[in-house]
Amino acid sequence: MTVAQILALIIFVAMFALIVSDRIEREYVSLGCGVLTLIFVFGVCMHSMDAVMKTLNLRSIFTQEFWYAAGAEEESAMGINWSTIIFIAGMMIMVEGMAKAGFFRWLCMRLAKMVHYKPIPLFLTFMIMSAFLAMFIDSITVILFLAAVTVELARLLKLDPIPMIISEIFCANLGGSATMCGDPPNIIIGTSLRYSFGDFLSNTGVMAGISLILVILYFFLVYRKELLLEEAKAVNPETFPEPSEAIKSKKDFIISCIIFLCAVVMLVTHEQTGLTVAFIGTVIALITLVAAGRNALELIKKIDYRTLLFFIGLFIVVGGLEQTGILEQIAVFIGKVSGGNLKLMVAIIIWVSAVASAFVDNIPFAATMIPVIKSLAVAQGVELSTLAWALSMGTDIGGSATPIGASANVVGTSVAAKSGYPISWGKYCRSAVPATIIVIIVSMLCIFVRYC
Amino acid sequence: MEKQVIIAIGREFGSGGHAIAEQIAKDMGLKLYDRNILEEIAEEKSTKTEVLEKYDEKPRNYILTRRVRGYSNSMEENLAEMQFEYLKKKADTGESFVIVGRCAETILHGREGLITIFVIGDREAKIKRIEKKYELSRSEAISKMNRHDKHRKMYHNKYSKYKWGDSRNYDLCINSSRLGVEGTAKALEVYIKDRIAYSLSQID
C-alpha cells in the first residue's frame, strides 16, 4: 500500500467513525475530511493537480452533456457528483413549495377521510401512499408529514400510532428503492453509472413492487391483533379535521400540484427527451421559485444546505479512495472471494450493503461502493447493471432494519418521540428486521432469476 | 402581584437535594416541580407517565440514535426538550416554584427572580443515605450513585455551557453533609428570603 492509499483510507475511516458517533455535524465532518483529502492525499502525497481537478469535477457542469444527454454520457463517476447535488437541491425547493401549499397534509387527510378513518384501511392506505410518494419525493419529507398526521389521527381515534409509523417508514424506503430519484443512493448510482428513471423502474421497481405486496401482508399479520382490536372501537368521523383545511392557498396548491406532475413526467420521460436529472432539478426549482413570487427567498432559505455540503465533502473523500486505487483493491478482493461467480458476487454485494446500511448512513456507503462495483464488473466481465441493482436494493432496504439505518427512520421515530411515543430499538427491529430480510431475499432471488 | 421567584436546585445523587427542595417548597408555600412534570407532559401528549419515566434526565446514546435535519430520534433528547419547554411556559406565567434538576439553571438563565443552587454531599454521607433510602448494600449503593451521577453529568453538560456542579453556574453551592437535610434547607431558606428582600429593595 502506498502512503497516499493509507492516508486516504485513514481519512475515510475517520469520517465514517465521526459520522456514526454523531458528535459533530456530519457536513463539517465530511467537508473537513474532504479538505484533508485534497491537501494531504492529492497534494502532499500524490502531487497531482489532475486528481484534485478530477475530484472537484467542476468542468462537468459546463458541458452540454451535463444538462442534455441524448445518447451521450451523462456524468463522470469520478469525484463530486454535481448532478446528484443539483437534482436534490431542485427537488428540495419543489417539496418545500408543496409543503407550504399544504399538499402533503391535504393528501394524508383526504385519504384518511376516504377510508372513513377505519384503522385497518388507514393502515394499508398509508403504507401504499408512503411507498408511492417516496418514489418521487425524498422519503424524509414523506415521513415527516405522514408520521405527523398519523400521530394526530391516532390521538383522535385513540390508537397506538407506532405500528403505523414503523410500517410507513419501511414502505417509504421501499418506495424510494423503486425509482432513480426516490432515495439518495439511487440518485448517486443512477447519475454515476448513467442509468435512467426507466432503468430503475423496470429493475429495482419490479423488485420493490413484488416486495411491497409481501411487506403489506407481513405488517398486517404482525400487527393484526392491535389492528383488529382498534377496528372494533368505532369513532364518530364528524370530529375529524376537513382535508380542505390543510390547503393554505388554493392557487399555490394547484400550482404545486402542476409542478409536481411536471417533475414526474420529466423524470419518467428523461431517457426519451435526453434531459438530465440536473436539468430537471434546475427547471423544477426555477418554476417553483417563479411561482412562489415574493416567497421565493423563503423557499431558498429552507434548502437543506447541510445535506448538500455533506454530499460534496463525501464525494471528495470517496474520490480520494478512488484516485489512490483502494476501491479497485476491494473489487479485486470481492472478485477473488466470489471466484468469478456472479450469483455469489450479487449475494455478497446485496447482503454486505444491507447489513452495513442498517448501522451506518447508506449514502456514504453507496457512494463508496459505486467505483467498487464498476471495477468488479470490468475485472470479472460481468454486467454492471446487475451489480448496481444489488447495490441499490441492499443499501435502500438494509437501511430499513434499524431506527438509525436511513434518514426516514430517524425522522419518523423522532416525530413519534416528540409526540410522546418512543420507539425503542427492540420495538422497531422486531418488525423491521424480518421485513428487511424478506425484501432482501426477494430482491436477491429476482436478480438471480432475471440476470444470473 | 408578588414578585416571581424560581428556585432551581441541582444535586448530586444521594446528597438529599430533592428532600431539601421539598422542604423549601413546603416551608415557603411554593409548588415543587421534579419528575411530576412528566405527568403533565404525558397527559398533554396522550401517553403514559411510565413510558416517559425511563428517559428522564438521561443522556443521549450517540451510537444508537441519530439526528437528521434537526430531528433526533433519541427519546432522552426529545423528553428533555419537552421538559425545557414546559419549564419556560411555567416561568412565563409568572408562577413562583421550586424546580429540581432538568438543567433549569441554564434553561431559565437570565430570568428575574431565578435563584440557582447546587447541593453536594460527602461521599460517605451520600452512600449511607442511598443504602438506607433504597435498602441496598454498600457496593450496590456506590454503583447506583456513580451511575446516576454519570447520567446527570452527561445530561447536564449537553445542554449547558458550564459543567455540571461548576460553582460559576450557580448562585450558591452547598454541602448538605455539614448541616443535614433540614439544616441545609433552613440555611437556604434564609438565603432565599434575603435574596427576595434584596431584590425588592432594589425596586424601591
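Bear in mind the structure is a predicted one, so any value in this text is a computation, not a measurement. Computation of the quantities below employed the complete heavy-atom set of this structure, encompassing side-chain atoms and omitting hydrogens, waters and symmetry-equivalent molecules.
Contacts of Ala17(A) with chain B are absent, with no heavy-atom separation under 4.5 Å from either backbone or side chain. Neither the backbone nor the side chain of Arg306(A) has a heavy atom closer than 4.5 Å to any heavy atom of chain B. Contact of Ser21(A) with chain B is made through the backbone alone, with heavy-atom distances under 4.5 Å. Only the side chain of Asn78(B) comes within less than 4.5 Å of a heavy atom of chain A; its backbone N, CA, C and O stay farther away. Of the two parts of Leu144(A), only the side chain, counted from C-beta on, holds a non-hydrogen atom closer than 4.5 Å to a non-hydrogen atom of chain B.
For His151(B), the NE2 atom sits in a packed shell: over 12 heavy atoms of surrounding residues, nucleotides or ligands are nearer than 6.0 Å. Enclosure of atom NZ in Lys158(B) by more than 12 non-hydrogen atoms of other residues, nucleotides or ligands within 6.0 angstrom is indicated. At most 12 heavy atoms of other shown residues, nucleotides or ligands fall within 6.0 angstrom of atom CD in Glu182(B). Counting non-hydrogen atoms of neighbouring residues, nucleotides and ligands closer than 6.0 angstrom, the CD atom of Glu124(B) exceeds 12 such neighbours. Remark: Glu44(B) CD is packed, more than 12 non-hydrogen atoms of other residues, nucleotides or ligands lying under 6.0 Å away. The number of heavy-atom neighbours closer than 6.0 Å to NZ of Lys88(B), taken from other residues, nucleotides and ligands shown, is above 12. The environment of Tyr28(A) atom OH is sparse: at most 12 non-hydrogen atoms of other residues, nucleotides or ligands sit within 6.0 angstrom. Counted within 6.0 Å of NZ on Lys153(B), heavy atoms from surrounding residues, nucleotides or ligands total 12 or fewer; the atom is thus considered open.
Interface check for chain A: of the options Leu52(B), Thr65(B), Leu64(B), the most heavy-atom pairs under 4.5 Å are formed by Leu64(B). Ranked by non-hydrogen atom pairs under 4.5 Å with chain B, the options Thr307(A), Asp304(A), Asn409(A), Val411(A) are led by Asp304(A). Per-residue heavy-atom pair counts under 4.5 Å with chain B were compared for Val151(A), Thr413(A), Thr402(A), and the maximum is reached by Thr413(A).
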- Query: Do Arg26(A) and Arg66(B) pass the side-chain contact (heavy atoms from CB on, under 4.5 Å) test, and can you show the C-alpha distance, the side-chain angles, and the key distance before you say yes or no?
  - Reply: CA-CA 11 Å; Arg26(A) 63 179 188 161; Arg66(B) 257 181 69 195; 4.3 Å; yes

- Item | Intermediate values then yes/no, salt bridge (charged side-chain N to carboxylate O under 4.0 Å, His left out), Glu25(A) and Arg67(B) | CA-CA 9 Å; Glu25(A) 298 290 347; Arg67(B) 260 175 311 135; 3.0 Å; yes

- Message: Assess the residue pair Arg69(B) and Thr141(A) against the criterion (side-chain contact (heavy atoms from CB on, under 4.5 Å)); give the C-alpha distance rounded to whole Å, side-chain angles, the decisive distance to 0.1 Å, and a yes or no.
- Response: CA-CA 11 Å; Arg69(B) 295 195 199 170; Thr141(A) 309; 4.3 Å; yes

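Residue Tyr71(B) holds its OH atom at 10.0 Å from CD1 of Ile140(A), rounded to the nearest 0.5 Å.
Residues Asn73(B) and Ser414(A) bring no donor and acceptor atom of their side chains to less than 3.5 Å of each other.
Without hydrogens or angle criteria, Lys418(A) side chain to Leu79(B) main chain gives no donor-acceptor distance under 3.5 Å.
Nearest heavy-atom pair across Val51(B) and Gly420(A) is CG1-O, 4.4 Å.
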